[in-house]
J.: 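Below are the structure tokens for one structure; questions will follow.
So you know, we letter chains A, B, ... as the sequences are listed, proteins then strands, and number each from 1. Keep in mind that this is a model prediction, so the values were computed, not measured.
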2 protein chains.
Amino acid sequence: MARADIHEVAKAAGVSISTVSRAFTRPDMVSEKTRRKVLEAANRLEFTISRSAGSLKTGQANRVALLMNDTITSWFNVQVFAGLNATLRDEGYDIAVYDHIDTAETRREFFDTMPVRHNVDAVFVASIAIDPNEVGQLKSMHVPLIGINTSASDSLDASIRIDDEEGMFTATQHLIGLGHRRIVYVCSAAAVSLDASVDARGRGFIRACESAVEAGRDLDWQTITVPRGPEFIDSALAELLALDRFPDAICCQMDMLAIPLVTRLARYGHRVPQDYSIIGFDDMQNADWVNLTTMRQNPQDMGRDAAHKALALMRGETLDQPHEIIRPRLVLRGTDAPFPR
Amino acid sequence: MARADIHEVAKAAGVSISTVSRAFTRPDMVSEKTRRKVLEAANRLEFTISRSAGSLKTGQANRVALLMNDTITSWFNVQVFAGLNATLRDEGYDIAVYDHIDTAETRREFFDTMPVRHNVDAVFVASIAIDPNEVGQLKSMHVPLIGINTSASDSLDASIRIDDEEGMFTATQHLIGLGHRRIVYVCSAAAVSLDASVDARGRGFIRACESAVEAGRDLDWQTITVPRGPEFIDSALAELLALDRFPDAICCQMDMLAIPLVTRLARYGHRVPQDYSIIGFDDMQNADWVNLTTMRQNPQDMGRDAAHKALALMRGETLDQPHEIIRPRLVLRGTDAPFPR
DNA sequence: TTGAAAGCGGTACCAA
DNA sequence: TTGGTACCGCTTTCAA
């Protein structure tokens, strides 16, 4: 059963193919009556506009590329994807997902072959730190480049990111303000040239502690860095338990670390918030499994925003605020309390 | 800077456009020497084959559609997507994600407008129960239809799903085998015509209990069903705590329910496995946050498998085993123990 | 192994 | 508002 083409529909509706085309892509340029006739015929013949034919003629790919570190299954990445998809899908764009663009090889492979060159209308870069050289290569595609929690935002056409450093600074200040004295920051080691966003948080912690000390506060702070990988929670746990004195407050680089830490520490008799305070970062869905106090960011909204920026750029508009920085906000739940108790 | 087209490359390489085309799409039909010449010229001119032009000519959309219940951010859905993308991306296929195809309206909207008609090479249906009428509409697209944990699998061209009922039957038997007497099954209410896969689990539980009783076992079992929604964990918790006697074993419809239950119950003094055993279903990443014993399924692998089936079908091959049913397997961790203790 | 030429199915300009 | 028509950029016979 060969698919009906635009000519058959035109004939069936008694109009020209131009009119059929317009009835679909520019309904307002066709009279109500004609449009109905066309749409009815099209429907009867199971006709739909061919995207590839349209793309060929207009020169628009109707596709965007999304580059991400690591796997799309991570909390942040899939939220971003959902946000992008929610707005781009309806506008007729497909999203080609290139994940695991993090190791040296996958990066080189991608940037060398540039599989999307001339075949996408925009490129989104999420949570990977790209170097100037790579930015240059992306720019050579001559399509809008939008960053989401990416370093080098300024060299892109638009970007949106949260202020990781400021966020962790605030979180730490909160703990200090509660009266805590022995604070430790737990984080996973920075991966080379990857996800620099998350690493900025450590600087926020340090800054908050240093300025508190400078202001005369009696503070005993330190950071614990554990290697990335599936065992990072156990490593962090072990290091915490090995401390001379267990801290009275823990500041976590991310909820993904904070949540399991709370449940594991409970097994070792450390109750929260009776024995210590702990604060996370991200506010992922399951933060409330342990009633975690945390800094909230909303990557799905960031995806939506990024998509809107991209749509505007693709329409040729100029953004009056291309680069946006969001402040995460503190969500107070049950894992923090004044100290000493 | 106008993009170089195939003619310029042909001229630069001193060959015809046919040869340029073949150098990209059928490298083996072009002599080594010629190919290198072409590729070099193409590279220099920043030329790449246009996907839309190719699609138009070949009649292949190089796109597939993925229909999903609810949001792509759910554990199951994003794992499936990752699996599909991992194998389809390299084969040059985009995945158009249509999520939230669950409510009556979104379903009707999708099936009425059939936004992908004639514009995809295959359709995947994940975790949504589709009715015969909808299957019919999908079939009218004349492309392979692949189900992933979907009802009505048999009416599709291929499918893969886990045996939810058998899985929960096994899980329940395990608890009974440990000696447990007072077992409760906790699940969220079935949504209308959606995600029937998960609902089959309840039947497995009941079957296991009934046959144990029939075999003379002294068993006190019941099910607790809580409404879906953000509060389903609290509801389940409340119902459990309101029981005349707290059960000695809990069987959970999914990890998403089991994990937070373990941490919440701890606050009420119910320790696992000292006081009760609990078993989950899915084995999502964070099951080990509470060291959960659970039934494992691997939706990412299912995505991969589904993708391979689709690729074969798109090549026109016939599958000798189009419909696959996977048995989840029991992963023993720390939340189960013989009873009485 | 390579080249010539005829489309693939629309879009959009131009004219009516 | 509608129709005629020249492409869009590549793939693929067919012949050389």
J.: Among the candidates dT11(C), dA12(C), dC10(D), find the nucleotide nearest to the side-chain atoms of R26(A).
T.: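 Selected nucleotide (nearest to the side chain): dA12(C).
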J.: For M141(B) and V120(B), work out which heavy atoms get closest and say how close.
T.: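 In terms of heavy atoms, the two residues are closest at CE-CG2, 3.6 Å.
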J.: Need one value for V30(A): base, sugar-phosphate or nothing, where a base atom within 4.0 Å counts as base even if backbone is also close, heavy atoms only.
T.: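 It contacts sugar-phosphate atoms only.
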J.: Mark yes or no for a side-chain to base donor-acceptor pair under 3.5 Å between R22(B) and dG3(C), with no hydrogen or angle criteria applied.
T.: yes
J.: Report which part of the nucleic acid V15(A) touches: base, sugar-phosphate, or nothing (heavy-atom distance under 4.0 Å, all strands).
T.: sugar-phosphate
J.: Distance check, rounded to the nearest 0.5 Å: I160(B) atom CD1 versus I326(B) atom CD1?
T.: 4.0 Å
J.: Would you kindly give the CD1-to-C1' distance between I6(A) and dT11(C), to the nearest whole Å?
T.: 9 Å
J.: Could you tell me the separation between the CG atom of N62(A) and the P atom of dC8(D), rounded to a whole number of Å?
T.: 18 Å
J.: Mapping T58(B) and D28(B) onto DNA chain C by nearest heavy atom, which one lands closer to the 5' end?
T.: D28(B)
J.: Which part of the nucleic acid, if any, lies within contact of T25(A), taking any heavy atom under 4.0 Å across all strands shown: a base, the sugar-phosphate backbone alone, or nothing?
T.: sugar-phosphate
J.: Which nucleotide, dT11(C), dG10(C), dC10(D), lies nearest any side-chain atom of S21(A)?
T.: dT11(C)
J.: Output yes when E324(A) and R161(A) qualify as a salt bridge under the 4.0 Å nitrogen-oxygen rule, no when they do not.
T.: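 No, this pair does not count.
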J.: Test D94(B) against every option in R89(A), R51(A), R63(A) by the salt bridge (charged side-chain N to carboxylate O under 4.0 Å, His left out) rule and name the one that passes.
T.: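 Single salt bridge (charged side-chain N to carboxylate O under 4.0 Å, His left out) partner of D94(B) among R89(A), R51(A), R63(A): R63(A).
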J.: Starting at the 5' end of DNA chain D and moving along, which residue's nearest nucleotide shows up first, A53(B) or M29(B)?
T.: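 Here A53(B) is the residue nearer the 5' end.
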J.: Nearest whole angstrom, please: distance from the P of dT11(D) to the CD1 of I17(B).
T.: 9 Å
J.: Using whole Å, report how far CD of E8(A) lies from C1' of dG10(C).
T.: 14 Å
J.: Without decimals, in angstroms, what is the distance between F24(A) CZ and dT11(C) P?
T.: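 It works out to 10 Å between those atoms.
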J.: Are more than 12 heavy atoms, taken from residues, nucleotides or ligands other than E40(A), located less than 6.0 Å from that residue's CD atom?
T.: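 Enclosed.
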J.: Write down the distance between CD1 (I49(B)) and C1' (dC8(C)), rounded to a whole number of angstrom.
T.: 15 Å
J.: Check if the side chain of T19(A) and the base of dG3(D) share a donor-acceptor pair of N or O atoms closer than 3.5 Å.
T.: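 Absent.
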J.: Using every non-hydrogen atom in the two residues, find where V123(A) and L67(A) come nearest and quote the distance to one decimal.
T.: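 That would be CG1-CD1, 4.2 Å.
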J.: Tell me whether the side-chain N/O atoms of S16(B) come closer than 4.0 Å to OP1 or OP2 in dG3(C).
T.: yes
J.: Can you tell me how far P of dT11(C) sits from NE2 of H7(A), to the nearest Å?
T.: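 Going from NE2 in H7(A) over to P in dT11(C) covers 12 Å.
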J.: Determine whether any donor atom in the side chain of S18(A) lies under 3.5 Å from an acceptor atom in the base of dA12(C), or the reverse, and answer yes or no.
T.: yes
J.: Please confirm whether the shortest side-chain N or O distance from S31(A) to OP1 or OP2 of dT2(D) is below 4.0 Å.
T.: yes
J.: Just to be sure I understand the rule, does T34(A) reach a base, reach only the sugar-phosphate, or reach nothing, if contact means heavy atoms closer than 4.0 Å?
T.: sugar-phosphate
J.: Can you tell me the distance, in whole Å, between the CG atom of L56(B) and the P atom of dG9(D)?
T.: 12 Å
J.: Indicate, yes or no, whether a donor-acceptor pair under 3.5 Å links the base of dG7(C) to the side chain of K57(B).
T.: yes
